[in-house]
Amino acid sequence: MKWQYLEAYSSVKIVGKLNKNGYRVLTVNGQDYKLREGLDFLGQQEWELAAVHAIDEAHGGEQSRIRTLTYLYIFKRPLAK
């Protein structure tokens, strides 16, 4: 079986006064989704999560109680015949 792969990055988006509010986003083809929405979107397109890699850490690893670690998500799905 041959596979098609997709890379997406998950990072923290900081919002609000004094950057006190944050949430994780998943960036897929330049488009940001809240993490769960992005995972649902890719699942509906039959992408399967194959691996997750931590790639860097900024600001000592935490900011406003949400980890700022960035992750690389690798998805796969069978190539269409």
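All heavy atoms count here, side chains included; hydrogens, waters and symmetry mates do not.
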Could you state the interatomic distance from CG (Leu49) to CG (Leu42), rounded to the nearest 0.5 Å? 9.5 Å
Is there a path of hydrophobic side-chain contacts, each under 4.5 Å between heavy atoms of I, L, V, M, F, W or Y residues, that connects Leu6 with Val52? yes
Might you point out which heavy atoms bring Phe75 and Ala8 nearest each other, and give the distance in Å? CE1-CB, 4.1 Å
Glu48: side chain to side chain contact (heavy atoms under 4.5 Å, CB included) partners, not counting sequence neighbours: Lys76
Identify the heavy atoms of Ser10 and Tyr73 that sit nearest to each other, and give their distance. CB-CE1, 3.3 Å
Could you grab the distance from atom CZ of Arg24 to atom OH of Tyr9, nearest 0.5 Å is fine? 14.0 Å
Hits for side-chain hydrogen bond (donor to acceptor under 3.5 Å, both in side chains) against Gln4, two or more places apart or cross-chain, chain-then-number order -> Arg77
If you measure from CG on Leu79 to OH on Tyr5, what distance do you get to the nearest 0.5 Å? 9.5 Å
Which atom pairs, one a donor and one an acceptor, fall under 3.5 Å between side chains of residues 26-38 and the rest of the protein, sequence neighbours left out?
{"from": "Thr27", "atom 1": "OG1", "to": "Asp32", "atom 2": "OD1", "distance (Å)": "2.6"}

